[in-house]
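Please read these numbers as outputs of a predicted model, since none were measured by experiment.
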Amino acid sequence: MMAARQSGSILQKLVLRLPFAWLIAFFLLPFLIVLKISLSQTAIAQPPYIPVFDLAAGWHGAVTFINGLSFDNYRLLGSDPIYVLSYVKSVEIAAFSTLLLLLAGYPIAYAIARTPRRVQAVLVLLTVLPFWTSQLIRIYAWMNILQRDGPLNDILLALGLVKEPPAWLATDTAIFIGIVYSYLPFMVLPLYATLEKLDERLLEAAADLGCPRWKTFWLVTLPLSSSGIIAGVLLCFIPIIGEFVIPDLLGGSQSPMIGQTIWLEFFGNKDWPAASAVAVVLVFLLVTPIVIYQNQAMRVLARD
């Protein structure tokens, strides 16, 4: 009996520590490597940066390595308007796209949650059905749809809505279309999971008290679905701000997003330290508001 308990205790500790080991191995260590590269300088060498830590050099090599690190790349980010504009453009597109996703995803999730149980599974399956196809193929399909002589302009011309086929590609509009199409399931699913658990008796009580439907939605449904809204917003905003494929294929090159800037520094300019610095700043920009929100939520729970 004692041996069984010890075995169960060891297994329980192992299960609890596995997620931390996973995060350390596949998030913390790679982030530390990128952080180290961001403090280096570009060099025509392999790898294309200096200093490189040499274990064989001993203590003298460690001192030389530390002395070779600097914050020059971070000073460059603040002084070069290209990087600042990339961050601003990324936040702008991510924020507006997330708002569009919320406005489009909430009615869809609400409708799915209000359908009979036997139909909900089918509707959820249809929502995630685009994930069964590669995102790259879907974006190439949108490139064909949004061409000047593509199906979208053919429909608009046939309906008489436009006199000349408008240019969709290489515009912010095309980026918003591609992002909303690609990320809509990420907004719908957490909203549906929250709305599906909503207690119907609360809505009935509000109706019995003479509350109009719109007011019931505003005062009861919307506040109770706030956790789903926050989850959907985070699931969409965080990956969108670092998006590369959609703005690169559907957008223009006048004001690139931060993902395109990182790619250009890594593969175009071969400037790994500058690209790493851009990535590190982006991580801190995304993690900081999440940590602040989590701390505030924990304080609210502690008060309750």
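Between the side chains of Asn153 and Trp168, at least one donor-acceptor pair of N or O atoms lies under 3.5 Å. Side-chain polar atoms of Ser97 and Tyr183 form no donor-acceptor pair below 3.5 angstrom. No side-chain N or O of Tyr87 forms a donor-acceptor pair with one of Thr261 less than 3.5 Å apart.
Between Ser86 and Ile258 the shortest heavy-atom distance is CB-CD1, 3.7 Å. Here the shortest heavy-atom pairing between Lys36 and Val52 reads NZ-CA, 4.4 Å. The shortest heavy-atom contact between Ile246 and Ser182 is CD1-OG, 3.6 Å.
For the pair Leu18 and Trp22, the minimum side-chain heavy-atom distance is 4.5 Å or more. Contact annotation: the side chain of Leu102 never approaches that of Thr98 to less than 4.5 Å [non-hydrogen atoms, C-beta and beyond]. No side-chain heavy atom of Thr171 sits less than 4.5 Å from a side-chain heavy atom of Leu146. Between Leu222 and Tyr106 the shortest side-chain heavy-atom distance falls below 4.5 Å.
Side-chain atoms of Arg148 come within 3.5 Å of backbone atoms of Pro165 as a donor-acceptor pair (strictly under, hydrogens ignored). Using a distance-only test at 3.5 Å, with no hydrogens or angles considered, no donor-acceptor pair links the side chain of Thr288 to the main chain of Leu285. Counting only distance, with no hydrogens or angles, the side chain of Glu196 and the backbone of Ala193 share no donor-acceptor pair below 3.5 Å. A donor-acceptor contact shorter than 3.5 Å is absent between the side chain of Asp271 and the backbone of Glu265.
Ring to ring, Phe131 and Phe186 are close: their centroids are under 6.0 angstrom apart.
For the pair Arg138 and Tyr140, the cation-pi test (distance below 6.0 Å, angle within 45°) is failed.
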